Amino acid sequence: MLLSRLNDGPEIFFTLQGEGVSAGLPAVFIRAALCNLHCRWCDTDHTWNFEGTPWKHDKDADPAYRKHRKADVTIEVPVAEIVARLSAFPCRRVILTGGEPLLQQEAWLEVISGLRAIDPGYVFEVETNGTRMPTPEFRAAVNQFNVSPKLANSGMEARTRVAPAVLALFAAEPKAWFKFVARGPEDVAEILEFTAEHDIPAGKVLVMPEGRSAAELDRHGLALTGPCMEHGWRFCDRLHVRLWGDKRGV
Ligand SMILES: C[S@@+](CC[C@H](N)C(=O)[O-])C[C@H]1O[C@@H](n2cnc3c(N)ncnc32)[C@H](O)[C@@H]1O
Ligand SMILES: Nc1nc2[nH]cc(C(=O)O)c2c(=O)[nH]1
Ligand code: SF4
Ligand SMILES: [Mg+2]
């Protein structure tokens, strides 16, 4: 399986879930490499922003991003080793993220069944951009989907970042939540339109400020509190950014 590399090994780390309805819970994260999107503000661009990869952005791609040598930031890890590394942690909540984890569902299924053979009590969350259809087996195996569809603020064209059939599946999936990254009023209008178009009930919607620092989270977040109260959306912060800043492996 192609994973994100942290120091000399796979990006696997024990922390607190920083986002979503399970924010604050201790969890073991494992980060896959590769993503099919290139969000302008992505705080994890080392999973996809490789030398030789053209931007899928519109023209004003953020010059702040430097490209990474793929061999420096990814690592191929056998499933058996992934199972061994994850099962070494006492924590039985595991969060599959990336990059876009649904690009490697077969391998994840082997990891999940390997861990559940050790302890049936494992709980799996998945962080996904909502553009890739989960297989029936993957959908059944995962306990919680944190689906984060991308808005225009990502710099991605709608036809790249919006997959109606995938969204329809997750909108009807009791295990799925929808987490929108927003900055202000223009995003609020888009979330209203988006959730109406894709039949996403307000009770499944979380709105999370875009930001890689407490200052950015405050600036964007304060503007979103009113709309969340008005529309019945759950406001979601980024605990890990507040606690530890924009660092990898936290
Ligand atoms: C790095 S992504 C990986 C999973 C998947 N590709 C996705 O986008 O959901 C994990 C989460 O971080 C969020 N994220 C990434 N960069 C962010 C930023 N600068 N501000 C707020 N959220 C961000 C994404 O929207 C997503 O909810
Ligand atoms: N603590 C912590 N919580 C998170 N929730 C979603 C994350 C992600 O990168 O998918 C993430 C992360 O990178 N760290
Ligand atoms: S979909 Fe997720 S990992 Fe991919 S670029 Fe956007 S935020 Fe980053
Ligand atoms: Mg993160």
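Counting starts at 1 for both ligands and their atoms, in listed order. What you see is a predicted model; the values in this text were computed from it and never measured.
Taking 4.0 Å as the cut-off between side-chain N and carboxylate O, Arg69 and Glu51 do not count as a salt-bridged pair.
Ligand 2 is surrounded by Thr15, Leu16, Gln17, Gly18, Glu19, Phe29, Arg31, Thr97, Glu127, His240, Val250, each with at least one heavy atom closer than 4.0 Å. Protein residues are said to neighbour a ligand when one of their heavy atoms lies under 4.0 Å from it; for ligand 1 these are Glu19, Trp41, Cys42, Asp43, Thr44, Thr97, Gly98, Gly99, Glu100, Glu127, Thr128, Asn129, Ser148, Lys150, Lys179, Val181, Met208, Pro209, Glu210, Gly211, Arg212, Arg238.
For the residue pair His46 / Arg248, a side-chain donor-acceptor distance below 3.5 Å is found, with atom types taken as modelled. No side-chain donor-acceptor contact under 3.5 Å links Gln144 and Glu127. Between the side chains of Thr128 and Asn146, not a single donor N or O lies within less than 3.5 Å of an accepting N or O. Using modelled atom types, one finds no donor on one side chain facing an acceptor on the other under 3.5 Å when comparing Tyr122 with Arg116. Looking at His240 and Gln17, their side chains never bring a donor and an acceptor atom within 3.5 Å of each other.
Excluding waters, the set of protein N, O or S atoms lying under 2.8 Å from atom 6 (Fe) of ligand 3 comprises Cys39 SG.
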**Study point:** salt bridge (Lys or Arg N to Asp or Glu O under 4.0 Å) between Asp218 and Arg242, worked out
**Key:** CA-CA 10 Å; Asp218 287 346; Arg242 290 196 180 280; 2.7 Å; yes

Point to revise | Full working for ring-ring contact (aromatic ring centres under 6.0 Å, His included) between Phe180 and Phe194 | key: CA-CA 10 Å; Phe180 293 94; Phe194 192 105; 5.4 Å; yes

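Contacts classified as side-chain hydrogen bond (donor to acceptor under 3.5 Å, both in side chains) and involving residues 186-207 (residues at least two apart or in different chains) are given here: Asn153-Asp187.
A heavy-atom distance below 4.5 Å is not found between the side chains of Trp233 and Leu206. In this structure the side chain of Leu3 reaches within 4.5 angstrom of the side chain of Ile82, judged on heavy atoms. Within the 4.5 Å cutoff, the side chain of Leu96 has heavy atoms near those of the Ile30 side chain.
No continuous path of hydrophobic side-chain contacts links Leu103 to Val79 [ILVMFWY only; heavy atoms under 4.5 Å].
Each of the following atoms of ligand 3 lies closer than 4.0 Å to a heavy atom of Gly99: 3 (S).
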